[in-house]
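These notes concern the structure reproduced below.
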Amino acid sequence: MKNSLVTNLILLALVVGLALVAWFDPFTKPPPQPQLLTNTDTNVIQTIKLSKAGQVQFSLGKRTTEQGSYWYLTSPVEMPANTEKVKQILSLLSTNSFRQYQIKSANLAKLGLDPPGWEFALDQILIKFGKTEPIDQRRYVLLDATVHLIDDRFSQYSFGSPLMLANLDILPVDKSVAEIHLPDKIIKRVDGQWHSSSAGDGHTQSTLNKYIDEWRYAQAQRVALADKPDIAANATPVTIYLEKVEQPIHLTLESTDRDFVITNKDWGVRYYVNNSIGEKLLHVPPPALE
């Protein structure tokens, strides 16, 4: 029993000793430090395009106005884009590259890079995506003539709907509402005060401000292409004029069993909101609810 204990202690000491030698061994090669995929300043990027099998899945462009710069989807529809999701795509340029390889063109097919699964073009920077490696599940990407291994955070944009990049706000970037035309009244801002064309409806500045804010801050739960050109017979038309936008926004609102649908035919999309929000957008609250 005593000999067995001594033997175990000796083995433990050997294990600890070998671990210490490995830890402090100056000749042990440290693991390579990750480097940035590129050193590009994301602020200079003006266009983004994702393609699969040579077909463009979506494209975005940056537009500059007096109020600032904004990203817009330019294909398959033209509409404001979700700023945070665009930033996530732009972060591809500064993501960590954990390994870099110089691989002959003949071997790129084994990594899924010839042809690539999909590719991002950020201005003139073309990044091709291949397979994932089996150990850490990192993605092979090809940039210029170098293969990199990066964390697989970007495949969602290849496998998801292009409209996952759509801005969920019902109104575009500029929310300076000037007029709202409803079937039974026009609500208009004159000299800083809201007025309703429906005489004697009793609406005050408080109720009208509340109604305008419902539109200014309304967000959809999801956005889909308006694949059906016809509008339901029970849909209510609403036209909104903005102070700094020449063209008015033409919408139709309709309630369904599941949700409330707001269609923007000019953009070719439908916004889906819950019915309670839809009712607030369609009806000015009566004074009694103040």
Side-chain angles (χ1 to χ4, degrees), residues 22-64 68-75 80-167 173:
W23 181 265
F24 292 107
D25 183 4
F27 300 103
T28 300
K29 186 177 180 180
Q33 294 298 309
Q35 66 181 45
L36 297 183
L37 186 62
T38 78
N39 293 312
T40 304
D41 179 4
T42 58
N43 292 314
V44 306
I45 300 298
Q46 300 295 313
T47 61
I48 299 172
K49 180 171 63 176
L50 182 140
S51 302
K52 289 179 67 176
Q55 300 294 318
V56 176
Q57 303 300 300
F58 66 76
S59 58
L60 302 112
K62 185 187 286 186
R63 298 180 182 177
T64 301
S69 297
Y70 304 97
W71 282 95
Y72 278 74
L73 271 166
T74 54
S75 174
N82 186 306
T83 301
E84 291 305 314
K85 290 186 176 180
V86 174
K87 287 181 180 178
Q88 291 173 11
I89 294 177
L90 290 172
S91 71
L92 170 62
L93 296 172
S94 57
T95 194
N96 282 330
S97 168
F98 295 93
R99 293 285 193 280
Q100 302 83 42
Y101 308 97
Q102 301 299 320
I103 295 178
K104 295 181 179 179
S105 299
N107 296 323
L108 291 178
K110 297 178 181 179
L111 305 179
L113 290 166
D114 188 19
W118 72 94
E119 55 189 35
F120 268 116
L122 299 98
D123 286 352
Q124 303 305 312
I125 302 172
L126 186 62
I127 304 172
K128 300 181 179 182
F129 284 69
K131 298 178 180 178
T132 56
E133 54 86 25
I135 299 176
D136 296 314
Q137 295 297 303
R138 288 181 172 137
R139 181 78 60 176
Y140 290 108
V141 299
L142 179 65
L143 175 60
D144 297 329
T146 302
V147 174
H148 300 258
L149 267 178
I150 66 172
D151 282 334
D152 191 20
R153 296 185 291 111
F154 304 95
S155 59
Q156 59 176 314
Y157 298 105
S158 171
F159 306 138
S161 165
L163 288 184
M164 69 186 295
L165 293 168
N167 192 325
V173 176

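Counting heavy-atom neighbours within 6.0 Å of Gln124 CD, excluding the residue itself, gives a total of 12 or less. A 6.0 Å sphere centred on CD of Gln137 holds more than 12 heavy atoms belonging to other residues, nucleotides or ligands. Within 6.0 Å of atom NZ in Lys62, more than 12 heavy atoms from other residues, nucleotides or ligands are found, so the atom counts as buried in its surroundings.
Residues Thr47 and Leu122 have side chains not in contact (no heavy-atom distance under 4.5 Å, counting atoms from C-beta outward). The shortest side-chain heavy-atom distance between Leu143 and Ile127 falls under the 4.5 Å cut-off. Ser75 places none of its side-chain heavy atoms less than 4.5 Å from the side chain of Phe58. In this structure, the side chains of Ile103 and Leu142 stay at 4.5 Å or more apart for every pair of heavy atoms. Residues Gln88 and Gln156 have side chains in contact (heavy-atom distance under 4.5 Å, counting atoms from C-beta outward).
When the options Arg153, His148, Arg139 are evaluated for a side chain to side chain donor-acceptor pair (under 3.5 Å) with Thr95, the one that passes is Arg153. Across Leu92, Ile89, Leu93, a single residue satisfies side-chain contact (heavy atoms from CB on, under 4.5 Å) together with Thr42, and that is Leu93.
Formation of a donor-acceptor pair under 3.5 Å by the Asn82 side chain with backbone atoms of Lys85 is found in this model.
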Subject >> Verdict with supporting geometry, Thr132 and Tyr140, side chain to side chain contact (heavy atoms under 4.5 Å, CB included) >> reply: CA-CA 6 Å; Thr132 56; Tyr140 290 108; over 6 Å; no
**OP:** Output, in order, the C-alpha distance, side-chain angles, deciding distance and verdict of side chain to side chain contact (heavy atoms under 4.5 Å, CB included) for Val141 and Val147.
**Re:** CA-CA 6 Å; Val141 299; Val147 174; over 6 Å; no
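Between Arg138 and Asp151 a salt bridge is recorded (basic side-chain N to carboxylate O distance below 4.0 Å).
Taking CG of Asp123 as the start and NZ of Lys49 as the end, the distance is 11.0 Å to the nearest 0.5 Å. Distance check: Leu165 CG to Asn167 CG gives 11.0 Å after rounding to the nearest 0.5 Å. Put simply, CG on Asp144 and CD1 on Ile125 are 8.5 Å apart, with the number rounded to the nearest 0.5 Å. Atom OH of Tyr101 sits about 12.5 Å away from atom OG1 of Thr146, to the nearest 0.5 Å.
Across every non-hydrogen atom of Trp118 and Lys52, the tightest pair is CB-CG, 3.5 Å. Residues Trp71 and Ile45 come closest through the heavy atom pair CZ2-O, 3.5 Å. The two residues Leu60 and Thr74 make their nearest non-hydrogen contact at N-OG1, 3.7 Å. Minimum interatomic distance between Ile150 and Ser97 (heavy atoms only, all atoms of both residues): CG2-CA, 4.3 Å. Taking each heavy atom of Ser105 and Asp114 in turn, the nearest pair found is O-OD2, 4.2 Å. Annotation for Lys131 and Lys110: closest pair NZ-O, 3.5 Å, computed over non-hydrogen atoms.
Classification of the Phe120-Phe129 ring pair by plane angle, with boundaries at 30° and 60°, yields perpendicular.
No side-chain donor from either of Gln57 and Ser51 sits under 3.5 Å from a side-chain acceptor of the other.
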